[in-house]
Amino acid sequence: MEETQDKSKKNIFKELLPYAIIILVVVLIRTFIITPIQVDGSSMYPTLEDGEILILKKYDKSYDRFDVVVFNYNGSRLIKRVVGLPGETIEYKNNKLYVNGKKVSENFNRSSDTMDFKLEDIECKKIPKGKYFVMGDNRNNSTDSRIIGLVDEKDIKGSTNLSIFPFDKIGTIN
């Protein structure tokens, strides 16, 4: 009788082991590699819309100008576009971006004009190491570095360039 119970336990273990492995792999992937994230609000409109679901790449820790990143701010996750990198000066004049005094084209669709702005407006002449200047694409309706200041690299959870929902927006984002 005991031998039958041992065989029964071993069979149950063998049957459940693949499911346990699958669950473990999914948890590890979601914790360290990628995870879905939902857009909340209109600050990235028209590039991203409220309710849109994106894939956040947690493993990507090198950020370039115009990458879309997700970061923590006061207990919330915000999604914005990197505009300024460490060591740079940023300025907007006549709705044009200037990085280190040179005009830089923004090749994505912004929904509105950007008012004139200099880093000095947030009491900073140059972006320090480990910090980023971020802005929403909907410049007139965005809580971004013009308001919250520079974003610390340690607060950035990753970057995103893939939309998975709604289905008509599946694909890469600008």
Side-chain angles (χ1 to χ4, degrees), residues 32-165 169-174:
F32 297 108
I33 301 173
I34 62 172
T35 192
I37 185 125
Q38 187 171 18
V39 176
D40 183 19
S42 62
S43 72
M44 285 296 292
Y45 183 83
T47 306
L48 302 174
E49 295 182 21
D50 186 36
E52 194 168 336
I53 298 177
L54 313 169
I55 295 294
L56 176 64
K57 299 182 291 184
K58 293 180 169 188
Y59 60 88
D60 187 5
K61 297 297 180 184
S62 62
Y63 311 109
D64 294 321
R65 186 175 338 283
F66 305 137
D67 283 354
V68 176
V69 296
V70 177
F71 61 95
N72 287 334
Y73 175 72
N74 282 348
S76 296
R77 285 192 173 172
L78 301 180
I79 301 172
K80 306 292 176 195
R81 189 178 297 277
V82 172
V83 174
L85 304 170
E88 297 180 336
T89 60
I90 299 295
E91 182 176 8
Y92 275 93
K93 291 189 295 192
N94 300 320
N95 203 33
K96 305 285 186 244
L97 170 63
Y98 292 84
V99 177
N100 298 329
K102 295 180 182 171
K103 185 175 155 193
V104 174
S105 294
E106 296 179 286
N107 296 327
F108 52 91
N109 188 7
R110 292 173 303 149
S111 66
S112 58
D113 292 342
T114 304
M115 49 191 156
D116 289 352
F117 177 84
K118 296 180 188 178
L119 272 180
E120 288 89 354
D121 295 342
I122 58 170
E123 300 177 11
C124 175
K125 292 190 183 281
K126 186 185 260 191
I127 300 172
K129 183 178 179 182
K131 303 273 188 180
Y132 292 86
F133 185 87
V134 299
M135 294 179 79
D137 289 357
N138 187 357
R139 302 288 166 83
N140 290 337
N141 185 23
S142 177
T143 302
D144 53 35
S145 286
R146 298 171 295 172
I147 296 167
I148 65 173
L150 301 172
V151 174
D152 199 313
E153 187 172 32
K154 70 176 174 45
D155 293 329
I156 299 176
K157 298 301 168 199
S159 66
T160 182
N161 65 352
L162 181 63
S163 175
I164 61 170
F165 185 84
K169 292 197 75 169
I170 288 178
T172 57
I173 59 175
N174 295 346

Problem set entry | Distance-minimising heavy-atom pair for F165 and E52 | O-CG, 3.2 Å

Problem set entry | Check: S76/N74 side-chain N/O donor and acceptor closer than 3.5 Å | no

For this session: Evaluate the criterion side chain to side chain donor-acceptor pair (under 3.5 Å) for residue pair S105 and N107; output intermediate values, then yes/no.
Result: CA-CA 6 Å; S105 294; N107 296 327; 4.7 Å; no

Problem set entry | Closest contact, heavy atoms only, I122 versus F117 | CG2-CZ, 4.1 Å

For this session: Decide yes or no on ring-ring contact (aromatic ring centres under 6.0 Å, His included) for Y63 and Y132, but give the supporting numbers first.
Result: CA-CA 9 Å; Y63 311 109; Y132 292 86; 5.7 Å; yes

Problem set entry | Sidechain N-carboxylate O distance under 4.0 Å for K93, D116 | no

Exercise. Roughly how far, to the nearest 0.5 Å, is the CD1 atom of I34 from the OG1 atom of T160?
Worked result: 10.0 Å

Exercise. Does the side chain of S42 reach to within under 4.5 Å of the side chain of D50, using non-hydrogen atoms?
Worked result: no

Exercise. What ring-ring contact (aromatic ring centres under 6.0 Å, His included) pairs are there with at least one residue in residues 141-164, not counting sequence neighbours?
Worked result: none

For this session: Write down the atom of E88, the atom of N100, and the distance for their closest heavy-atom approach.
Result: CA-OD1, 3.3 Å

Exercise. Where do I156 and V151 land on the side-chain contact (heavy atoms from CB on, under 4.5 Å) test, with the steps shown first?
Worked result: CA-CA 8 Å; I156 299 176; V151 174; 3.8 Å; yes

For this session: Could you tell me whether the side chain of I127 reaches within less than 4.5 Å of the side chain of L85, counting heavy atoms only?
Result: no

Exercise. Side-chain contact, heavy-atom cut-off 4.5 Å: V39 with E49?
Worked result: no

Exercise. Atom CG of L78 and atom NZ of K157: how far apart are they, to the nearest 0.5 Å?
Worked result: 12.5 Å

Seminar exercise, completed: Residues passing the salt bridge (charged side-chain N to carboxylate O under 4.0 Å, His left out) test with E153, sequence neighbours excluded, are none

Exercise. Hey, are the side chains of Y73 and D144 touching, using non-hydrogen atoms and a 4.5 Å cut-off?
Worked result: no

Exercise. Got a sec: does the CG of N161 have more than 12 other heavy atoms crowding it under 6.0 Å?
Worked result: yes

For this session: Could you tell me the separation between the OG1 atom of T89 and the NZ atom of K118, rounded to the nearest 0.5 Å?
Result: 11.0 Å

Problem set entry | side-chain contact (heavy atoms from CB on, under 4.5 Å) evaluation trace for V104 with Y98 | CA-CA 6 Å; V104 174; Y98 292 84; over 6 Å; no

Problem set entry | Student check: side-chain heavy atoms of V83 and R65 closer than 4.5 Å | no

Exercise. Quick one: do E106 and R81 make a salt bridge, cutoff under 4.0 Å?
Worked result: no

For this session: Check whether any side-chain heavy atom of K58 sits under 4.5 Å from a side-chain heavy atom of L56, and report yes or no.
Result: yes

Problem set entry | S159 and D60: CA distance, side-chain angles, deciding distance, side chain to side chain donor-acceptor pair (under 3.5 Å) verdict | CA-CA 6 Å; S159 66; D60 187 5; 2.7 Å; yes

Exercise. Thinking salt bridges, do R146 and D121 make one under a 4.0 Å N-O criterion?
Worked result: no

Problem set entry | Atom of L119, atom of K125 and distance for their closest heavy-atom approach | CD1-O, 3.6 Å

Exercise. Looking at side-chain heavy atoms only, is the closest gap between L48 and I173 below 4.5 Å?
Worked result: yes

Exercise. With a cut-off of 6.0 Å (strictly less than), are more than 12 heavy atoms of other residues, nucleotides or ligands near NZ of K61?
Worked result: yes

For this session: Drop me the distance from N95's CG to R139's CZ, to the nearest 0.5 angstrom.
Result: 8.0 Å

Problem set entry | Note, V68 side chain near M44 side chain (heavy atom, < 4.5 Å) | yes

For this session: State the OG-CD1 distance between S142 and I79, to the nearest 0.5 angstrom.
Result: 11.5 Å

For this session: Give a yes or no on whether the backbone of F133 and the side-chain of S145 come within a donor-acceptor separation of less than 3.5 Å.
Result: no

Exercise. Are more than 12 heavy atoms from other residues, nucleotides or ligands located less than 6.0 Å from atom NZ of K169?
Worked result: yes

Exercise. Going by distance alone, is a donor N or O of one side chain under 3.5 Å from an acceptor N or O of the other, for K80 and S43?
Worked result: yes

For this session: Give, for atom CD1 of I55 and atom CD1 of I33, the distance between the pair rounded to the nearest 0.5 Å.
Result: 12.5 Å

Exercise. Minimum heavy-atom separation for P86 to P128, with atom names?
Worked result: CB-O, 3.6 Å

Exercise. Which atom pair, heavy atoms only, marks the closest approach of C124 to L150?
Worked result: SG-CD1, 3.9 Å

For this session: Please check if the side chain of D67 supplies one atom and the backbone of D64 the other of a donor-acceptor pair under 3.5 Å.
Result: yes

